[in-house]
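Data block below; observations after.
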Amino acid sequence: MNWEPWSGCYKVSDGCTYCYYYGPYSKRCGQNMVEKRSDFYKPLLKTPDGAYRIRGGKTVATCFATDFFISEADEWRKEAWAMIKERPDLDFLILTKRIDRFLVSLPSDWGAGYDNVNIGCSVENQTLADYRLPLFLSYPIKRRFVACSPLLGPLDLASYLGGIDHVTVSGETGREARLCSYEWILAIRDQCLKAGITFWFKSTGSLFMRDGLVQRVNPCRQGALARELDISILKEKKLF
Ligand code: SF4
């Protein structure tokens with residue numbers, strides 16, 4: 001289940017270079033225009049009999065087509081936090097490339113973190129991992145995951161995984177996608193195994209190298225091929 005309270009974004013890091021906002025979406029909807037969306041109040045919408053439209057127990061992935069911590073949404077975010085708090089029966093997944101705006105974006109009653117919020121820090125290469133992950137680990141967050149997405153190079157995350165619950169890896173998608181090597185993915189998987197945390201190989205990306213061979217992978221095959229390789233380490237229900 002997705003919830004996009006606002007839309008629009010602009011580049012902040014290496015992984016943004018071929019973001020789909022700079023492709024077909026930006027041509028249709030306007031590049032960089034950050035706007036509140038009509039389904040802003042989606043978590044609180046009710047059916048005629050008074051039940052929430054989004055039933056309890058669901059995972060709600062938010063801002064996958066923008067960034068929850070983008071500065072243009074500072075005012076709207078206060079209401080978004082209030083809605084998140086009002087639905088403790090839902091798990092909210094917030095993935096960001098702007099983790100350095102986390103502290104200035106919190107509601108006043110955040111304390112050690114809301115139980116129903118799972119924050120994901122996106123890292124694409126070692127430079128960004130070394131910048132973002134120490135910040136991420138220093139913040140008051142109850143549940144943390146790392147998304148290596150799009151993975152653009154080998155990553156050594158070992159020293160950061162102590163405070164992390166889960167790691168997800170995806171290659172880059174699109175006509176101009178940069179290469180993603182299976183060796184990099186296996187190395188991250190080993191680091192997760194040693195740290196005793198879950199790992200999900202979500203997608204190969206469009207340009208995937210394995211055993212020295214580079215292949216172009218159709219977008220609709222990228223997740224399936226990752227599944228077929230069967231290297232994910234998942235416990236219980238899939239949250240990510
Ligand atoms: S932060 Fe995400 S949505 Fe925004 S430009 Fe970068 S990749 Fe695109």
Side-chain angles (χ1 to χ4, degrees), residues 1-40 42 59-77 80 92-106 117-133 135-136 139 141 144-153 155 166-180 184-185 188 200 202-208 217 219 222-223 226 240:
M1 164 78 56
N2 274 26
W3 172 39
E4 300 294 336
W6 45 87
S7 63
C9 204
Y10 46 85
K11 296 176 188 184
V12 283
S13 75
D14 299 339
C16 298
T17 305
Y18 301 118
C19 169
Y20 65 87
Y21 266 100
Y22 294 89
Y25 184 93
S26 64
K27 287 196 186 104
R28 274 201 320 274
C29 305
Q31 190 161 329
N32 300 351
M33 184 74 84
V34 182
E35 290 174 317
K36 203 169 170 181
R37 285 181 41 131
S38 57
D39 64 352
F40 184 81
K42 189 173 178 181
T59 297
V60 178
T62 187
C63 291
F64 272 52
T66 174
D67 196 307
F68 191 77
F69 297 110
I70 199 164
S71 57
E72 285 76 358
D74 282 354
E75 277 309 307
W76 309 329
R77 195 179 308 102
F92 288 87
L93 224 66
I94 299 173
L95 176 63
T96 183
K97 282 186 166 59
R98 290 171 171 81
I99 198 65
D100 47 6
R101 296 207 71 248
F102 182 77
L103 286 182
V104 298
S105 305
L106 291 179
V117 174
N118 204 326
I119 304 280
C121 179
S122 176
V123 297
E124 307 100 276
N125 55 36
Q126 193 68 45
T127 305
L128 288 167
D130 293 338
Y131 169 63
R132 290 181 184 152
L133 295 181
L135 293 174
F136 186 41
Y139 297 151
I141 298 171
R144 293 183 177 85
F145 69 102
V146 169
C148 308
S149 172
L151 182 63
L152 299 176
L155 280 182
H166 173 84
V167 173
T168 296
V169 176
S170 306
E172 189 166 47
T173 298
R175 251 186 308 187
E176 295 168 290
R178 290 158 283 184
L179 185 120
C180 183
W184 305 340
I185 295 161
I188 295 170
W200 182 26
K202 185 178 178 194
S203 164
T204 60
S206 296
L207 202 61
F208 183 52
V217 187
Q222 292 166 18
F240 304 93

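In each ligand, atom 1 is the first atom listed, and ligand 1 is the first ligand listed. Side chains included, hydrogens not; waters and symmetry mates left out as well; all remaining heavy atoms used.
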Is a donor from one side chain sitting under 3.5 angstrom from an acceptor on the other, for Gln222 and Ser206?
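Yes, a side-chain donor-acceptor pair sits under 3.5 Å.
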Between the side chains of Thr96 and Arg101, is a donor N or O closer than 3.5 angstrom to an acceptor N or O?
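The answer is no; no qualifying pair exists.
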Proximal atoms of ligand 1 relative to [X] (non-hydrogen, under 4.0 Å):
X     : answer
Cys19 : 3 (S), 5 (S), 7 (S), 8 (Fe)
Tyr10 : 4 (Fe), 5 (S)
Arg98 : 1 (S)

Can you confirm whether Cys63 sits close enough to Pro5 that some side-chain heavy atom of one is under 4.5 Å from a side-chain heavy atom of the other?
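A side-chain contact under 4.5 Å exists here.
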Using 2.8 Å as a strict upper limit, say whether an N, O or S atom of Cys16 approaches atom 6 (Fe) of ligand 1 that closely.
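Looking at Cys16, which is the residue asked about, there is an N, O or S atom under 2.8 Å from atom 6 (Fe) of ligand 1.
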Below 2.8 Å, can you find an N, O or S atom of Cys9 next to atom 8 (Fe) of ligand 1?
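No, outside the cut-off.
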Hey, what's the ring geometry for Phe102 with Tyr139, parallel, tilted or perpendicular (30° and 60° as the breaks)?
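Rings of Phe102 and Tyr139: parallel, under 30°.
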Quick check with a 6.0 Å cut-off and a 45 degree axis cone: is Arg98 positioned over the face of Tyr10's six-membered ring?
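Yes - Arg98 lies over the ring of Tyr10, closer than 6.0 Å to its centre and within 45° of its axis.
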